[in-house]
*Asks:* 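Questions regarding the structure given below will be posed in turn.
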Amino acid sequence: MPIRNLKWLALLVSAMVIIDALWTPVVLGIAALAPDAFSIYVTPIASSVDAAAIIFKLMTIAAFALWIYLAGVNLVRAELEGLEYSPASRIWWFLVPIFSLFKPFLAMREMWNASQSISPYDTNSTTVSIWWALYLGGNVVSLVINATSAGTPDTVGLLINAASDIAVAAVAIFMINRITDAQRDMSGNDLVDVFA
């Protein structure tokens, strides 16, 4: 079977990751630049804005999971030998307590290396390592901020969390696009669009 061209999906996921990462800084910026307008127009619908942010984050997670799955399917279709992770396991390891601290990293490292013909597949990758460190670090920072602020982070806490989200987003977008491009290159002319 032909390898799928994930470029459009990668662009969609990248755009969603950017929007998700910039959501909090934009809201904070509007609050700082136009506090009167913010209190009149945004504060009354704050719970709706928060709900929209949560729904968009879940949609971003779903799109990223779809990209991970299809990129994993591409590795199977390329008939690469020695893959330890299935396309589905690359996603569900994120949900398994304790194992979620390291298995998703190992699965993404394998995907990165296999897509770029780096052997063995368990060779360390700086990009994937930085992404994973920022991802885990961002989650720890978020937990600490929420724990120390009694559930309602102050502006400084929100800015620190937003900076962490932006850093993770930047590396994730780089990683997604490099894997997508590498898979397109390894496919030769036998390529099918993902939305076809």
*Asks:* Verify the cluster assignment for Ile45 and Trp23: are they in a single hydrophobic cluster under the rule of side-chain heavy atoms below 4.5 Å apart?
*Replies:* yes
*Asks:* Could you go through Asn177 and Ser14, starting from their C-alpha distance and side-chain angles, then the distance that decides it, and tell me whether this counts as side-chain hydrogen bond (donor to acceptor under 3.5 Å, both in side chains)?
*Replies:* CA-CA 8 Å; Asn177 287 295; Ser14 297; 3.2 Å; yes
*Asks:* Would you mind reporting whether Asn74 and Leu70 have side-chain heavy atoms less than 4.5 Å apart?
*Replies:* no
*Asks:* Are more than 12 heavy atoms, taken from residues, nucleotides or ligands other than Phe102, located less than 6.0 Å from that residue's CZ atom?
*Replies:* yes
*Asks:* Would you say Ile54 and Leu158 are hydrophobically clustered, going by side-chain heavy atoms of ILVMFWY under 4.5 Å?
*Replies:* no
*Asks:* Does Trp131 reach the side chain of Met108, with side-chain heavy atoms less than 4.5 Å apart?
*Replies:* yes
*Asks:* Looking at Ile40, is its backbone amide N or carbonyl O close enough to the side chain of Thr43 to form a donor-acceptor pair, meaning the two atoms are under 3.5 Å apart?
*Replies:* no
*Asks:* Evaluate the side chain to side chain contact (heavy atoms under 4.5 Å, CB included) criterion for residues Met111 and Tyr121: first the C-alpha distance (whole Å), next the side-chain angles of each, then the deciding distance (0.1 Å), finally the verdict.
*Replies:* CA-CA 8 Å; Met111 183 185 301; Tyr121 300 144; over 6 Å; no
*Asks:* How about CD1 on Ile98, more than 12 heavy atoms from neighbouring residues, nucleotides or ligands closer than 6.0 Å, or not?
*Replies:* no
*Asks:* Would you call the rings of Phe94 and Tyr135 parallel, tilted or perpendicular if under 30° counts as parallel and over 60° as perpendicular?
*Replies:* perpendicular
*Asks:* From the options Ile166, Thr60, Leu22, select the one residue that forms a side-chain contact (heavy atoms from CB on, under 4.5 Å) with Val17.
*Replies:* Thr60
*Asks:* Where is the tightest heavy-atom contact between Val128 and Ser125, given as atom of each residue plus distance?
*Replies:* N-OG, 3.3 Å
*Asks:* Where do Glu110 and Asp122 land on the side chain to side chain contact (heavy atoms under 4.5 Å, CB included) test, with the steps shown first?
*Replies:* CA-CA 6 Å; Glu110 180 183 77; Asp122 63 353; over 6 Å; no
*Asks:* Examine distances only and state if a side-chain atom of Ser39 and a backbone atom of Asp36 form a donor-acceptor pair shorter than 3.5 Å.
*Replies:* yes
*Asks:* With side chains defined as the heavy atoms from C-beta onward, is the minimum distance between Pro25 and Leu159 less than 4.5 Å?
*Replies:* no
*Asks:* Does the Thr148 side chain pair with the main chain of Val144, one donor and one acceptor, at a distance under 3.5 Å?
*Replies:* yes
*Asks:* How long is the gap from CG on Asp165 to OG on Ser142, to the nearest 0.5 Å?
*Replies:* 7.5 Å
*Asks:* Quick check: do Thr180 and Trp67 have side-chain heavy atoms less than 4.5 Å from each other?
*Replies:* yes
*Asks:* Evaluate the ring-ring contact (aromatic ring centres under 6.0 Å, His included) criterion for residues Tyr41 and Phe38: first the C-alpha distance (whole Å), next the side-chain angles of each, then the deciding distance (0.1 Å), finally the verdict.
*Replies:* CA-CA 5 Å; Tyr41 298 111; Phe38 187 84; over 10 Å; no
*Asks:* Indicate yes or no: at least one non-hydrogen side-chain atom of Gln116 is less than 4.5 angstrom from one of Met186.
*Replies:* no
*Asks:* Has Trp132 got a side-chain atom pairing as donor or acceptor with Leu101's backbone, closer than 3.5 angstrom?
*Replies:* yes
*Asks:* Between Ala10 and Ile176, which heavy-atom pair has the shortest distance, and what is it?
*Replies:* CB-CG2, 3.7 Å
*Asks:* Between the side chain of Arg77 and the main-chain N/O of Pro2, is any donor-acceptor distance below 3.5 Å?
*Replies:* yes
*Asks:* To the nearest 0.5 angstrom, please state how far the CD atom of Gln183 sits from the CG atom of Leu6.
*Replies:* 6.0 Å
*Asks:* To the closest 0.5 Å, what do you measure between CH2 (Trp112) and OG (Ser129)?
*Replies:* 10.5 Å
*Asks:* Measuring only between side-chain heavy atoms, which start at C-beta, is Leu75 closer than 4.5 Å to Ser115?
*Replies:* yes
*Asks:* Do Ile130 and Ile18 belong together in a cluster built from hydrophobic side chains that touch within less than 4.5 Å?
*Replies:* yes
*Asks:* Can you measure from CZ (Phe64) to CG (Leu9) and round to the nearest 0.5 angstrom?
*Replies:* 10.5 Å
*Asks:* Rounded to the nearest 0.5 Å, what's the gap from OG1 on Thr155 to CD1 on Ile160? Could you check?
*Replies:* 11.0 Å
*Asks:* Supply the atom-to-atom distance Met175 CE to Ile173 CD1, rounded to the nearest 0.5 angstrom.
*Replies:* 10.5 Å
*Asks:* I'd like to know if Asp181 and Arg184 make a salt bridge, using a cut-off of under 4.0 Å between side-chain N and carboxylate O.
*Replies:* yes
*Asks:* Are Val96 and Tyr69 linked, directly or through other ILVMFWY residues, by side chains that come within less than 4.5 angstrom of each other?
*Replies:* yes
